[in-house]
Amino acid sequence: MPYFYYLPEEEGDIERVKEEVTRNRKAFPKVLDVTTETKKLLGHPRQVLKITCTGSDVRSAYASELNRIFGGGRSFEQDFRLSVRYIADLMLTTSGWNECDVEKIKVEGIAVDRAYLATTVPKSIAQDDTPSLRVLAVNALTVGEKGSARPESDPLRALALLTSSGKSAILLCEGGDDAELLRGFVEFVNRSDPDLIVGFESSKVDWLYLIQRAKVCDIKLSVGRDASEPHTSVYGHISVTGRANLDLSDVAGSITEVKVKTLENVAKYLQLHSANKFKVIDEWDRFGLWNEESGRRKLLENAMGMASSCLELAQSTIDFPIQLSRLTGLPLDHVVAAAVGFRVDSYLVIQAHRIGELIPARNDQPYLTYQGALVLEPKPGLHDDVAVLDFASMYPALMKKYNLSPDTLVQPGEHVPDDSVFLIPQVDHRFRKSPDGFYRIVLAVLIRERALLAKKLGEYTADSTEFRVLRDRERALKVVTNACYGYAGWAGARWYSREVAESAAAVGRETITKTIDKARSIGLTVIYSDTDSLFVTNETASIDRLRDWAKKEFEGIEIRVERVYSRILFTEAMKRYAGLLPDGSLDKVGLEVVRGDWSEIARQVQEQVLREILLHKSPEQAVEVVRGTVRRLRSGAVPLAELTIRKTLTKPIERYKVRAPHVEVARKLMKEGWKLAVGDKVAYVIVKGPGSLFKKAKPYNQVKPDDVDIEYYLDNQVKPAAMRILEVFGVQERQLFD
DNA sequence: AAGGGCGCACTTTTGA
DNA sequence: TCAAAAGTGCGC
């Protein structure tokens, strides 16, 4: 049954409140039971009332009513969804196994193999295997005559469907009526009865379109296991009852190596077999293709190729979200859609419940910034044989070590013995050494579990199923552990504490500063440092000494050699460098070449320059390479695709205060009927013409090769990308041009 | 019905 | 003409 907690302002009031809630049936008609319980509020035991109701919808109203009558009291957990309540109370495993006694029953209208009535309370059991799940991949083809397709008037042209058991269908809309297509979709889903439904950007594109079209055609999109229709739910995802509907672009979002996150790019990066079976075809090219036979065939083949890639992507990546779901207690479809902060939040809620803590509501606090990490100015130039040392999980380790937590924070002015607290340098916050704070309790569990898993991993070979399960579980633990620091500093967090985050950053700075000083004092050259890492000359004896020193000095926080560069190049800029790894590959950090907002031609030329420099130490050759690119550009031989610049719309178009090129292009496209939303990338090319740059930016598909402003690309793309590196070697700009 | 933190580099626009 | 502000995307 739904319940919430009420903590009166004065402890003595508890009986009075209890009496009121029990007797006043007029104000609290749906109260079922009231009991007194001992819970903890930030570690302090408190007597609270547990008020059980007959409906979940009245809890918030009753909580406010109590506040109105008694004033000053606080209520807790009145906004919990019942499903969350159930999972937390029974400590059930999400996306895992739980056990209970059952009786077989018959139910109507629910598409399941068998139905049982639980006769005992379910209990989580230690069983790790994942059953094989039926997967359905969906890809919708929309075509708009002028601009983006509009669900109010444009029918859904086709729908590619493919299941893990190999059934496939392309549902086509002939003429203007897609009602038959929609009915076919509902039938296909129900016949194949998938556990997972997957797509790419499906919550933003495919489902929205399907739902809208179903409304227009007055068709019930009964694809849930209870024949219900899809509905929008938390974290902006689309929920299908009884099935997990996953938008795989959420999974792809965490792959930082892929800059433009199209299905095509993700599939290629992951080397999926299906990667070459399709190409993402831009919206504006579709209308032309759709209206001629070979084009239409291509579009349909492509749609099926995308569905097959979605299926493969789901099968190859689903294990990690499953482990993340188990760890955080969020259902699979929620955990995929939820941002990092909400994953941590859910994990903490369950842990808090486990130790009897009252769970505060999420409420947006006023936002205060604080000083963060330390970055050292690099020593510019080429360096041979450089080791990168770093502290493993520095912030969580420090939060645990110094017991940084809202419940251990000593208020300013509060008198406590100096030796009973950790005094944090620079920021002067104090934290009690005991008892263990909430973050310490939670982080200790996370860190211990992870160490255990790492050990267990060694017992299996890398190709075994067990290994993969354990590795994904370890990754889930890592993600949640490392996000705790950011979570603590997030104003929307339930356990938000600027002091905690600020202190973690401060002890982080202290730790790395001490280590830098020590490294220098024992003769290591420190070339660069950022947050928790140290780039030093690779002298193993001294590094071992530093490691031993750190082990003693920081007890429990270890330095490891993360990697060694045979050769590394720094400019004067922080957070930007490139290194040569022993296997001959280049590691590029922060430079234009890894940024998504530079043209391909600029990135290419920088990559080539870096190669010449790092592999052959030859600025002269590098200059030749750039000159070659300059000639190619001038001759008009560089295709438009390499000149396209992409920038993201980070807010609604009307909120922009500045006429930036990508914003202007977005405005133009929207006027022409294209749909653009926050998060979309705008692709443009700079063309010849007078005036500011924003006047010369054109949508890349509307540009003819002769229009391109080659001078812009020479001066503002190729030159800066190349000179960023070459200026370190004294190369002059004019050497790049004739 | 939502999206962890700060530090830094860099381009382009804006406004004096 | 120039510094500040806006905007983006990166590193950790």
Side-chain angles (χ1 to χ4, degrees), chain A residues 203 231-239 250 253-254 256-257 259-260 330 334 337-345 348 362 364 367-378 388 390-391 393-395 479-480 482-498 500-502 504-506 508-509 512 528-533 562 571-577 587-598 602 645-651 655-664 678-679 681-682 686 691-697 712 715-717 720-721 724:
Chain A
S203 58
H231 52 280
T232 51
S233 174
V234 285
Y235 316 124
H237 95 292
I238 302 222
S239 185
D250 290 328
S254 61
T256 52
E257 289 85 349
K259 303 294 172 197
V260 183
L330 287 169
H334 290 197
V340 184
F342 287 89
R343 295 173 181 173
V344 175
D345 199 62
L348 293 181
R362 273 178 25 77
D364 276 309
Y367 177 73
L368 295 163
T369 56
Y370 59 89
Q371 193 186 339
L374 182 82
V375 191
L376 224 58
E377 304 243 353
V388 183
D390 77 351
F391 287 96
S393 300
M394 186 178 77
Y395 285 132
V479 165
V480 171
N482 289 345
C484 280
Y485 156 72
Y487 176 87
W490 170 40
R494 290 178 197 272
W495 287 275
Y496 168 64
S497 169
R498 196 198 81 249
V500 167
E502 190 173 37
R509 292 193 299 272
I512 199 74
Y528 177 63
S529 165
D530 185 349
T531 312
D532 60 352
S533 70
E562 207 243 307
T571 68
E572 283 176 2
M574 303 171 185
K575 295 183 183 281
R576 296 181 165 211
Y577 56 88
D587 187 25
K588 297 145 287 190
V589 180
L591 295 161
E592 283 78 358
V593 60
V594 293
R595 294 179 64 91
D597 56 349
W598 283 75
I645 299 168
R646 290 186 169 78
K647 286 197 202 301
T648 311
L649 289 178
T650 60
K651 52 189 173 192
R655 291 245 310 274
Y656 279 92
K657 294 177 182 166
V658 165
R659 303 183 72 180
H662 72 297
V663 180
E664 289 298 303
V678 174
K681 284 214 183 328
V682 182
I686 301 299
S692 306
L693 194 67
F694 66 80
K695 292 191 172 132
K696 305 177 15 151
Y712 172 82
D715 280 348
N716 299 67
Q717 293 280 321
R724 193 91 53 222

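Predicted, not measured: the structure shown is a model, and the values here were computed from it. Each chain gets a letter, A, B and so on, in the order the sequences are listed, and its residues count up from 1. Just the heavy atoms: all of them, side chains too, but no hydrogens, waters or symmetry mates, feed the values below.
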Rounded to whole Å, how long is the line connecting atom CZ of R498(A) with atom P of dG4(B)? 20 Å
Any chance NZ of K651(A) has more than 12 other-residue heavy atoms, nucleotides or ligands included, within less than 6.0 Å? yes
Can a side chain N or O of Y577(A) be found less than 4.0 Å away from OP1 or OP2 on dC12(C)? yes
Separation of dG11(C) atom C1' from N482(A) atom CG, nearest Å, is 14 Å
Regarding T369(A), tell me which of base, sugar-phosphate or nothing describes its non-hydrogen contacts under 4.0 Å with the strands shown. sugar-phosphate
Between the protein and nucleotides 2-4 of chain C, which nitrogen or oxygen pairs are less than 3.5 angstrom apart?
none

Phosphate-side-chain proximity, N716(A) and dT12(B), N/O vs OP1/OP2 below 4.0 Å: yes
Is the phosphate of dC10(B) approached by R724(A) (side-chain N or O, under 4.0 Å from OP1 or OP2)? yes
Think H662(A) has a side-chain N or O under 4.0 angstrom from the OP1 or OP2 of dT8(C)? yes
Side-chain donor or acceptor of Y485(A) paired with backbone N/O of V500(A) under 3.5 Å: no
Any base atoms under 4.0 Å from Y395(A), or only sugar-phosphate, or nothing? Heavy atoms, all strands. nothing
Select base, sugar-phosphate, or nothing to describe what Y712(A) touches, counting heavy atoms under 4.0 Å on all strands. sugar-phosphate
